Protein chains: 2
Amino acid sequence: MSPISKSNSKTKSTIQDVAELAGVSKMTVSRVLNNDEKVSDKTRLKVKEAANKLHYRPNISARRLASAKSYFIGLLYENPSQGGYVSQFMMSALKSCRQRGYHLVVDECEGTQVEKLTITRDLVEETRVDGVILLPPFCNNIEILNELKALNVPYIRVSPDVELTQSPFVCMDDYQAAFEMTNLLIEQGHRDIAFIIGHPDVGASRLRYQGFLDAMRSNKLTIPPEYIEQGLFSYKSGLSAAKALLTCNNMPTAIFASNDDMAAAVISVANSLGIQVPQQLSVVGYDDTPIATTIWPNITTVKQPIEAMAEAAIAMLTTGKFDQGLSDKLSDLRHVLDFELKQRDSTSRVKS
Amino acid sequence: MSPISKSNSKTKSTIQDVAELAGVSKMTVSRVLNNDEKVSDKTRLKVKEAANKLHYRPNISARRLASAKSYFIGLLYENPSQGGYVSQFMMSALKSCRQRGYHLVVDECEGTQVEKLTITRDLVEETRVDGVILLPPFCNNIEILNELKALNVPYIRVSPDVELTQSPFVCMDDYQAAFEMTNLLIEQGHRDIAFIIGHPDVGASRLRYQGFLDAMRSNKLTIPPEYIEQGLFSYKSGLSAAKALLTCNNMPTAIFASNDDMAAAVISVANSLGIQVPQQLSVVGYDDTPIATTIWPNITTVKQPIEAMAEAAIAMLTTGKFDQGLSDKLSDLRHVLDFELKQRDSTSRVKS
DNA sequence: CTGAAAGCGCTTACAG
DNA sequence: CTGAAAGCGCTTACAG
């Protein structure tokens, strides 16, 4: 009574094998596999048991060929230079797709607006993806969004800045993360905290800045104007900001940079000025990119929930259980995922 | 009699459409598509024309279902922490696969040796990949290589250190790159050049070091023993090495670090000691990882031909035109790809 | 709630 | 060198 022995060894079992073992037709097996409601619980159970017993795994290619669905999800991004952000997201999305029997098709959307539209259209019409994920900053390209809508393909945006009522999206709470990170510094005894703002074109810059401001205010701490520097997210811009901050009259005891590259620059400048991090200066960054754990001291930073974002996006796209713009309410479209504060070696309690 | 009009607009054309337009059978079209020799040049041409006219693209799923091939290539790696190396390779492999109608299945091989073997076996038996690519350092796992051989699936290793006569592999000439990079420094007038060796367990470390030594020797330059430091490829190890090098009696005018992380550390230490890079000290790295272009000054480094390696590996695996261990000659198994010297801002001509 | 038939777009063997 | 037939493992209508 062990059908396992055979199917376990060489031959891969098919829907036909499962049907026979369960004593039903292929059709019924197919229904159970696709979560069709119209199957009796009893039958459903029988089929599931048989499938498990045989270690049955549906053949995606056959599925794809027979059905209208492609079992492909598209991932579109604009700029790969964001230090691993794209690859991190891709790795996670890949994993989620595999678990669900889907495949990920990744495409870089570069060039002129016309070329971007062509790439997007090809992905939908040639590859026939069942859904598309748009990474920032590409997800703010309104023409693309409209095209996708016209093509009638579901899409999810990741951390968008604009048109927040138009389509579902996943994001993290940048404001809250900056708020909490600032509080962390304050709890460590810091009062004189400087801030380097991120690139003005990126929406998250504003939110991070506001979170910082509100945390300071709620602790009744004042911020001298010379403690605020405008950066551009680049290491180089962090260098000039840090120089200004660390050579002003009343040097801060902590600097909050809006991303890790700029935080790394702060540490470098501090180094060259003979200021010890974290003994004389605490530094925090944002993003938890590789550089945060490459340089020494490792940077205390905010870790974006990239893996969870990818998983959530794939889940929404593959189950089809989300309202593609059906609701106007932001709360129905927005999926906020939890961030994490990574406390490392670039911060310490202030010495009094 | 114009099947074009219909198939050109919305409906995707199939092998049947191509066959009709060319006036042959589906079988012949299939043969042409798969580069079967046994088709007359005349017919071949007709078919190719028809296919082009219809913008025909074979349906991979149908192909996969009907044939013994899976049109999947597996990519196995062990350690994702190598700062983007895996993702860079993956991106390139993805692209090459897409062009050939293949799909890439990426898997991290972690855990115990038994778990690694299981993951590898699953990839071959479940996903039925047509070939496997093994990234370093995973490609040096001999048990895995034997398992793959037993499973009878072709595999290509990337920059392996061991068993170089066992299977085809792609690599770059680490020795030559280090040799040329050293020469570049010498041409810029440097004579006092220090070297930070890479991790002792990695084969490339030895080759890079040897390339450096031979370049120095061939220029009749001597290397005082205090100019050689052992590193571990980590930023932190670069820090200690740099401190030793920059505080010794006769400070070098250039430091060659065996990777970018350590080169970044050298720059950081130089900064903190008030030594200007590149005016007083030239620094070069190796790999061209993101950190090389993140920090300031940007690091002069050796760019590995990751894209070309990925393309070569995929090409070998998909055309099946390589000798899977048929030859004992290293030259037949080894595919050496060209590196590139990236001259940036961390080096300059020595002032006399 | 369940099933028999047809077909998705290719390729594999078998003829000729 | 070329083709007619069967089939890969699923799903989509269509019945009942």
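Note that the structure is predicted; figures quoted are calculated from it, not measured.
- When rounded to the nearest whole Å, the span between NZ of B:K26 and P of D:dT2 equals 18 Å.
- Under 4.0 angstrom from either OP1 or OP2 of D:dT11 there lies at least one side-chain N or O belonging to A:N34.
- Protein atom CZ of B:R64 is 16 Å distant from nucleotide atom P of C:dG9, rounded to whole Å.
- Between A:S40 and C:dT2, a side-chain N or O to OP1/OP2 separation shorter than 4.0 Å is present.
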For nucleotides 13-16 of chain D, tabulate all protein N/O to nucleotide N/O atom pairs closer than 3.5 Å, reporting atom names and distance.
none

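- A close approach under 4.0 Å does occur between a side-chain nitrogen or oxygen of A:S30 and OP1 or OP2 of D:dT11.
- Using a cutoff of 4.0 Å between basic side-chain nitrogens and carboxylate oxygens, A:K116 and A:E110 are not scored as salt-bridged.
- Here C:dT11 presents its P atom at 13 Å from CG of B:D130, a figure rounded to the nearest Å.
- A salt bridge is defined here as a Lys NZ or Arg NE, NH1 or NH2 lying under 4.0 Å from an Asp or Glu carboxylate O, and B:E307 with B:K95 meets this definition.
- Closest to the side chain of A:T14, out of C:dT2, C:dG9, D:dG9, is D:dG9.
- Nearest-nucleotide mapping onto DNA chain D: of B:V24 and B:A66, the residue sitting toward the 5' end is B:V24.
- Atom-to-atom, CG of B:L45 to P of D:dC1 comes out at 15 Å; the value is rounded to the nearest Å.
- Between A:S67 and D:dC10 there is no side-chain N or O to OP1 or OP2 distance below 4.0 Å.
- The distance from atom CD1 of B:I15 to atom P of C:dG9 is 11 Å, rounded to the nearest whole Å.
- Whole-Å rounding puts the A:D36 CG to D:dC10 C1' distance at 15 Å.
- Considering every non-hydrogen atom in both A:V24 and A:K46, the closest pair reads CG1-NZ, 4.3 Å.
- Base pairing of C:dA4: no nucleotide in any strand meets the Watson-Crick or G-U wobble criterion (both distances under 3.5 Å).
- Remark: the backbone N or O of A:S30 is paired with a side-chain donor or acceptor of A:N34 at under 3.5 angstrom.
- Each of B:A62 and B:V39 has a nearest nucleotide on DNA chain D; the 5'-most of these lies closest to B:V39.
- Side-chain atoms of B:R63 lie closest to C:dT11 of the nucleotides C:dT11, D:dT11, C:dG9.
- Whole-Å rounding puts the B:Y71 OH to C:dC10 P distance at 11 Å.
- When distances run from any side-chain atom of A:T28 to the nucleotides C:dT2, D:dG7, D:dG9, the shortest one goes to C:dT2.
- Picking from D:dT2, C:dT2, D:dG3 the nucleotide with the shortest atom distance to the side chain of B:K38 gives D:dT2.
- A 3.5 Å limit on both hydrogen-bonding distances identifies no Watson-Crick or G-U partner for C:dA13.
- Side-chain N/O atoms of A:T43 include one lying less than 4.0 angstrom from OP1 or OP2 on C:dT2.
- Taking the side chain of A:P58 as heavy atoms from C-beta on, and the options D:dC10, C:dG3, D:dC8, the nearest nucleotide is D:dC10.
- Remark: B:R100 is not positioned above the aromatic ring of B:Y71, lacking an NZ or CZ atom under 6.0 angstrom from the ring centre and at most 45 degrees off the axis.
- In this structure, the separation between OH on A:Y77 and OG on A:S87 is 8.5 Å, given to the nearest 0.5 Å.
- Between the side chain of A:D130 and the backbone N or O of A:I73, no donor-acceptor pair lies under 3.5 Å.
- For the atom pair SG (A:C171) and CZ (A:R157), the distance works out to 10.5 Å, reported to the nearest 0.5 Å.
- The nearest whole Å value for the distance from the CG atom in B:D17 to the P atom in C:dG9 is 9 Å.
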